[in-house]
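In what follows, a single structure is set out as structure tokens and then discussed.
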Amino acid sequence: MKKKVLSLFIAGGFLFGLGAGANAETLELLTWKGYAPQSLVEKFEKETGITVKTTYSNNEEMIAKLRATRGAGFDLAQPSQDRISSVQEKFNIYQPIDYSKIDTALIIPSMLEAVKKNTMVDGKSYGVPHVYGTSGLIVNRKAAPDADDYTALLDPKYEGRVSYRLKRPTLIAMAFAGGTDPFALYGDEAKYQELMEGIGQKLIDAKGLVKTYWTNGDALLQSMRSGEVNVAMAWDNGGWKLNAENPDIDFVAPKSGALGWIDTFAIPAKAENVEAAYKWINFMMRPENAAVFTNAEKYGTASAGAIEFYEADVKANFERSFTKADIDNIKWYPPVPAKLEEIEGKILDKVKASN
Amino acid sequence: MDVDLSVEKLSKHFKEFTAVDNVSFDVERGNFFSILGPSGCGKTTLLRMIAGFEEPSEGTIRIRGRDMASVAPNRRPVNLIFQHLALFPMMNVAENIGFGLARRNESKAEINKKVGDILERVNLPGFESKKIHQLSGGQMQRVAIARSLVLDPTVLLLDEPLGALDLKLREQMKIELKRLQEQVGTTFVYITHDQSEALVMSDYVAVMNEGKFEQIDTPQKLYARPTSPFVARFVGNNNRLLGKVMKSSGGLTELATPNGDKIRAATQLNVTPGSRAELFIRPESIIIEPGELPDLNRLQVVVGSVLFDGANSQLLARSGDADEELLISLPQNRQFDHIRAGDHIEIGWDVSAGNCFVMS
Amino acid sequence: MTPLSRARSRLPLLIFLTPILLWLLLLIVLPHFDLLRMSFRVENNSGDMVWSANNYLEFFREPIYWLTFTRTAVYAVIVTVLTLCIAFPVAFYITKVAPPRFKGFFSLLLLMPFWVSELVRIYGWMILLRESGVINHFLVAWGILQQPVELLYNDIAMIMGLVYTSMLFMVVPLLSVLDSLDDSLIEAAYDLGSNSATIVRSIIIPHAMPGIASGSIVVFMLSLGNYLTPNLMGGKNSLWFTEQIYNQFIASFNWNQGSAFGFLLLVISSLIIFIGLKLTNQQLSRVIR
Ligand SMILES: Nc1ncnc2c1ncn2[C@@H]1O[C@H](COP(=O)(O)OP(=O)(O)OP(=O)(O)O)[C@@H](O)[C@H]1O
Ligand SMILES: [Mg+2]
């Protein structure tokens, strides 16, 4: 009996200890891998005394996580700008941004305006731009010298050397490559469905060419490095990383337009430490900090002055892959209506299940 | 007589350790042959070699003249009843007993009939559909025997099958087993470390010690004329007296015990005077207060204690300051009711009653 | 024992059971109720949530869904059978054949892959099997192949990965059940005239049946519920049912459909196990023990 009482005491003490440990101020950050480099986290912690706890995720999982808790558990999230408004309308998981608390001078004005516009629900905006980038092609120039558009992914020439994700960007890209602007059909569910079904059929027909549908960015880069894959649809920074190792491989802005995305800062509805969230946003947008991130990850940043601090190769990457025309041709994702994702989901399942 | 089992110069070595050491014996058809020995002396190893589960290191095993060296256990005309019976718990009684018959592809009807018959034989009629775990110890015993007997083996090997039973049941099964063997006439090779089992049931008993056979004989001879000190000590109760040979002639040897007693004993050969010898004398050979009987060794002893145990009552008594007390049978015919612990009495035994061995 | 003292002796037990029961209730039972409720909710045309069995009917109406499920279930059964076929001799060797002093060592060897996460294990396989991988390298170097071939991204690779991941969960119950098999039963059967085949069939397998059944249930459920291995090692058409549930929850934001799929998975897999147990004449209570 004595023993049991003792173990109860010990268990009680444990709980107590845990409670005491959670006292220090923390920032719960829900973000993408690489978006909170260790050096910046340490710098921020030193400056503010706030401990940063990061959880890595992607758009879909971020939404699912916040939806499950109705916007609790995190102080700051980083969804893409096109995935905010419809989600907010439906699930109400974010709180409006108080732009007066943000040092807006640090942010490229056009980008800030676009994000404000795209994340607006009932007259209030929910996002602050942070990172931008594009999806396009990563090509091994030696093996596939004339791959310059998404159609290369369906080209029998590259049989067995092609890879892409079974995710919505692939469908969107194929629509542009086929000459249709899918964004123009966002309002017309029936037409959109028809378009997607056509694309789904194309992907099914060309399934034999695909090496694998990649799910993990690092695994894809490995496949390209080893020459197992020569043409892939992927993010620009991956291509640039490979280019540094092997000049034959590079990111290519496709003729029908690279797909541009902007990842934002958005504050969950039940964030506990909103002040810390604003502090982190302002900290990350400071040019010298934003440049640290860009130099490491090769992604573009919405911080206005950061370009001063870019390393030479980062600038070179961008100039090499994008002509002036390419930049004008970037298709920026508009906010996506919720219903469409279900249509796309089913088509993607069909492609995957087909033989 | 036909020989069913013939073992010749059989040995089994486990690394440096020799479990069975150069053993030879024959078992005649229809005999109940026991191997008696203390725990760990190699009995099971010997039996497993006969059954085919262990490869002999040296020597040959023949069954009805046929060399068993290259014959697998499932092809040998012998069956083994295991120390812990090894009944199949996932089958009922009939399936257990019919198991070997089914392996011989006998028809269902035939199997059922044979199983019924053998169950009758072992006094378990109608037990076919019982589960193994529903049986008592004695019933399991009988099922195990039935399972092997139904195959009509040339030799049935039994590895201490009564070991797990309680005393009463063991006494009863002993008699039952003996009767069963007489009825079916199968040759039995029976292992035990219980001398009473061996003596009661067997036609012949082999006494085994540290891998070797000490003596093979009928139970009576084994008891009356052990050929080695080990057998004398292991089979039945015995008193052991140590002494120095004083003189030896005409098959009669005279010993002097350390405390001065003079003892005569019959020996086969003459023994060199001066050598040491041991004399074994059974408790029931000792006569209390012998009176005027001739040709006796006589000793004056002091009674240490009276052990009353009905027909098996005994006295413990000591001669002078001897190391060991003597065990003496105490007949319950009221003649010795007056004997108490501490009494001085005279005992004696016939000169030819003991067994004397010279010590090397 | 008086009622009072009995109650008193139970008190500590209750105190210690309460957290476990609470845990079961809060973390296992309640969420399932919520999922169950959700699975019967459907958004109607005007965007309101109403009660309906539509999510379940959708499963049977849309061939992709039930075909994927069938595929998943069939592969899970194949994986279970293969795992059993490999694990059984291994477990038999460890318990009955190997020298006793090596038993611990062999068990440790089996356990070793599980010191790293499933992801790492799969990457290990990928490094071996991929077109530019280790196996291809040697096949080409030894002149067995002219050109490296892709060994990864097909159903065989996926099944192999699943079998590998499942091995331990089959071997462990088999080890314990075979360990409890008295060697003398095998010898007795041999002595009574059996050959090896009949010994396996009539002695060893019946004895090992509870272990076979519990191992098979675990492996079947784990394979059915696996996500990583089919996804990373499987072929381009290796859509696994769990992936579909994930897609419903995460990609399509359709939690209602996802919950319905989850429950269908639970119910149908339980049914398959139930049928399996009935076919092999096993009782669940014995198997769990
Ligand atoms: N496989 C083996 N490896 C090494 N030694 C063994 C092996 N089997 C038996 N022995 C040894 O051989 C000796 C004889 O063993 P065995 O089982 O034959 O004895 P036993 O006479 O049947 O004893 P018990 O009456 O206790 O059953 C023992 O000392 C035992 O330790
Ligand atoms: Mg033994």
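Protein chains get the first letters and strands the later ones, always in sequence-line order, with residue 1 at the start of each.
The 12-atom threshold is not exceeded at CD1 of C/I156, counting heavy atoms of other residues, nucleotides or ligands nearer than 6.0 Å. Heavy atoms from other residues, nucleotides or ligands lying under 6.0 Å from CD of A/E194 number 12 at most. Residue C/F114 qualifies as enclosed at atom CZ: its count of foreign heavy atoms under 6.0 Å is above 12.
Taking every heavy atom of both residues into account, A/A219 and C/R130 meet most closely at O-NH2, 4.4 Å.
A/K346 is listed as a side-chain neighbour of C/Y65, based on a closest heavy-atom distance under 4.5 Å.
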Give the intermediate values and the outcome of side chain to side chain donor-acceptor pair (under 3.5 Å) for residues A/N216 and C/Y123.
CA-CA 12 Å; A/N216 175 302; C/Y123 278 130; 3.1 Å; yes
Applying side chain to side chain contact (heavy atoms under 4.5 Å, CB included), run through C/E131 and A/S223 and close with a yes or a no.
CA-CA 9 Å; C/E131 192 182 338; A/S223 299; over 6 Å; no
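Of the two parts of A/Q222, the backbone and the side chain both hold a non-hydrogen atom closer than 4.5 Å to a non-hydrogen atom of chain C. Using a 4.5 Å cut-off between heavy atoms, C/I250 touches chain A through backbone and side chain atoms alike. Contact of A/N59 with chain C is not made at all, since no heavy-atom distance falls under 4.5 Å. With a threshold of 4.5 angstrom between heavy atoms, C/Q257 does not approach chain A through any atom at all. Contacts between C/R71 and chain A at a heavy-atom distance below 4.5 Å are absent for every atom of the residue. Using a 4.5 Å cut-off between heavy atoms, A/T215 contacts chain C through its side chain alone, with no backbone atom that close. Contact of A/K167 with chain C is not made at all, since no heavy-atom distance falls under 4.5 Å. Residue contact with chain C, scored on non-hydrogen atoms closer than 4.5 Å, involves the backbone and the side chain of A/R67 alike.
Counting only N and O atoms by type, the side chains of A/Y213 and C/N231 include no donor and acceptor under 3.5 Å apart. Side-chain contact annotation: C/Y246 with A/E61, donor-acceptor N/O pair under 3.5 Å present.
Under the 3.5 Å distance criterion, the side-chain polar atoms of A/K352 are left unmatched by any main-chain donor or acceptor of C/K236. In this structure, A/E228 contributes its side chain and C/S132 its backbone to a donor-acceptor pair below 3.5 Å.
C/L228 meets the side chain to side chain contact (heavy atoms under 4.5 Å, CB included) test with C/E118, C/L119, C/I122, C/N226, C/L232; sequence neighbours excluded.
Of the listed residues A/K339, A/K65, A/R161, the one with more heavy-atom pairs under 4.5 angstrom with chain C than any other is A/R161.
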